[in-house]
Colleague: 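First the structure, which I've put down as structure tokens, then a few questions once you've had a look.
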Number of protein chains: 2
Amino acid sequence: MPEHNILFKGIDDYDCYRMFTCFNMEVKKFRAGSCISDYSKQGDKIGIILKGSAGVVRYDVNGVRTIIETLGEQGIFGEYFTYPSSARNYVEVVAEKDCEILFVRRSELLKRCEKACTCHSRVVENMLELMTEKAVSLSERVEVLSQRTIESKLISFLQITEEKTAEGKTPQIPFSTTVLSDYLCVNRSALQREIAKLKKSGVLTISKRKFKLKLNHENEFDI
Amino acid sequence: MPEHNILFKGIDDYDCYRMFTCFNMEVKKFRAGSCISDYSKQGDKIGIILKGSAGVVRYDVNGVRTIIETLGEQGIFGEYFTYPSSARNYVEVVAEKDCEILFVRRSELLKRCEKACTCHSRVVENMLELMTEKAVSLSERVEVLSQRTIESKLISFLQITEEKTAEGKTPQIPFSTTVLSDYLCVNRSALQREIAKLKKSGVLTISKRKFKLKLNHENEFDI
DNA sequence: AAAAATCTGTTGCAATTGCAACAAGGAGGA
DNA sequence: TCCTCCTTGTTGCAATTGCAACAGATTTTT
């Protein structure tokens, strides 16, 4: 039932069905690896990931790939946010796993409802929650990318990953090293070199994708 | 009248006054250069810039400054978004100009109003707009920082600045070069060197802070 | 108006990062 | 099983970036 989704959290079946139609929403499925949106002529259309995961990927003129964002369930995307493809680079959203995506126009969501239904304001509330999540995850992205060296980009990323790991579980890098380098926006072999250094100095332990950080707490701020 | 603010857009005087109290909001003033929040123990408190502008700034262990975000009027900030100060770095929000800031807790904004006032849902709607703006500006930030070289970080920043410039006006860099380097997260003199190169090759013209870009459109994607 | 502070612009040298090439280790399909 | 494709890991060399120092310009303060 595509009417049931995170945007309609807290709303009963009948209203869900009604609004789904009223807002001109649609749900589409995509196979892993396929392109969900190429960010051209989408206007204010917003995509919300109901199931699966996806990545916002950019290829520049030289073919260099950059993973701008990774989107899990509840992730949202659209031309409205992401800087669009331009003459200098090509941006697309690619399904990582099989995906189910809800599409809706921003203008539809915000239109003043003639019937002033309470459920409409609940939708706006839910949208606020999704948008807040997006802002938080973009902030993390900025935190990582604003680091000046590969080493600190990596450490910053690993720390954030650690914090997201459930209590008692071993933190795990969600990518292959190759993909990680595209995510940190650095050269793969240079990243590999930094990983080797951190391992050698005992700061980092990795087996497969599971890792452990032991930071040296000298030379730090008192807070 | 602090009751009138962007969060209360579309709401009449009486309700503004009532909600301002009901939500435990407060408005504070800050002098240019002063520290608005040091991101410690703020919990879910959110700041909204009513007047003035501010920057979210990080200093690392070596004293290197990074401008994580710049916030104009309607900009929002809080520990909830920005990665907080840690043992390795210190984050604060600094007023660029004299500021008037509205503080409110996220939990207060989202609490189910017993009186189910229509104006409350309008506040949520306004908040969604502010949050969307934040997501958009963070996306731009990622766009710039994800570039691999100083040259492309600079060009990407200048292009975005151009696009924001009102029709007919000359685009203008909003910072000094020194501050710009902290915003692009690169070394100042290396940035200066790249600017010199672009000037020499005729791609970039700058006088004071006004600039003009003439990009060479070879080797580009057809879109 | 003089002094102080800040910003711009440049440069040589050092450190970091990117690039290319290659060997070795899975994973999955024919 | 063998073969292919993809990822990991390493390295020498080249290019980019950071650092430090300094001179001149500009702005702010006294």
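Computed from heavy atoms alone, side chains included, the values below leave out hydrogens, waters and symmetry copies. Order of the sequence lines fixes the chain letters, A, B, ..., with proteins taken first and strands second; residue numbering starts at 1 for each chain.
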Colleague: Is the closest side-chain heavy-atom distance between Leu158(B) and Leu204(B) below 4.5 Å?
Modeller: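 A side-chain contact exists here, since the closest heavy-atom pair is under 4.5 Å.
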Colleague: Between Lys197(A) and Ser176(B), name the one whose nearest nucleotide on DNA chain C is closer to the 5' end.
Modeller: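 Mapping each residue to its closest nucleotide by heavy atoms, the 5'-most match is Ser176(B).
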Colleague: Which residue, Val186(B) or Lys199(A), contacts DNA chain D at a nucleotide closer to its 5' end, judged by nearest heavy atom?
Modeller: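 Residue closer to the 5' terminus by nearest nucleotide: Lys199(A).
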Colleague: When all nucleic acid strands are considered with a 4.0 Å heavy-atom cut-off, which category describes Thr149(A): base, sugar-phosphate, or nothing?
Modeller: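 Since only primed, P, OP1 and OP2 atoms lie under 4.0 Å of Thr149(A), the category is sugar-phosphate.
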Colleague: Just how far, in rounded Å, is P of dT8(C) from CZ of Arg188(B)?
Modeller: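 After rounding, the gap between these two atoms is 8 Å.
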Colleague: Is there a side-chain contact between Asp182(B) and Val57(B) (heavy atoms, below 4.5 Å)?
Modeller: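 Result no, sub-4.5 Å side-chain heavy-atom pair not found.
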Colleague: Is a donor on one side and an acceptor on the other found under 3.5 Å between the side chain of Arg106(B) and the backbone of Ile46(B)?
Modeller: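 Between the backbone of Ile46(B) and the side chain of Arg106(B) there is no qualifying donor-acceptor contact (under 3.5 Å).
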Colleague: Check the distance between dC7(C)'s P and Lys208(B)'s NZ and give it to me in whole angstrom.
Modeller: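 About 14 Å, once rounded to whole Å.
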Colleague: Which is more 5' along DNA chain C, the nucleotide nearest Ile150(A) or the one nearest Val179(B)? Just name the residue.
Modeller: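 The residue mapped nearer the 5' terminus is Val179(B).
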Colleague: For DNA chain D, which nucleotides open and close the run of contacts to chain A, 5' to 3', at under 4.0 angstrom from a non-hydrogen atom?
Modeller: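 Going 5' to 3' along DNA chain D, contacts run dT7(D) to dG12(D).
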Colleague: Atom CZ of Arg209(A) to atom C1' of dG25(C): distance rounded to whole Å?
Modeller: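 These atoms are roughly 15 Å apart.
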Colleague: Mind listing the side-chain donor-acceptor pairs of residues 23-32 of chain B below 3.5 Å, one per line with the distance, residues two or more places apart or on another chain?
Modeller:
from     : atom 1 : to        : atom 2 : distance (Å)
Asn24(B) : ND2    : Glu108(B) : OE2    : 3.0
Arg31(B) : NH1    : Asp98(B)  : OD2    : 2.8

Colleague: Got Glu194(B) and Lys153(B) here, is their nearest side-chain heavy-atom distance under 4.5 Å?
Modeller: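 Side-chain contact under 4.5 Å: no.
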Colleague: Check Glu92(B) against Cys35(B) and note the closest heavy-atom contact, atom names and distance.
Modeller: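 What the structure gives for the nearest pair is OE1-SG, 3.8 Å.
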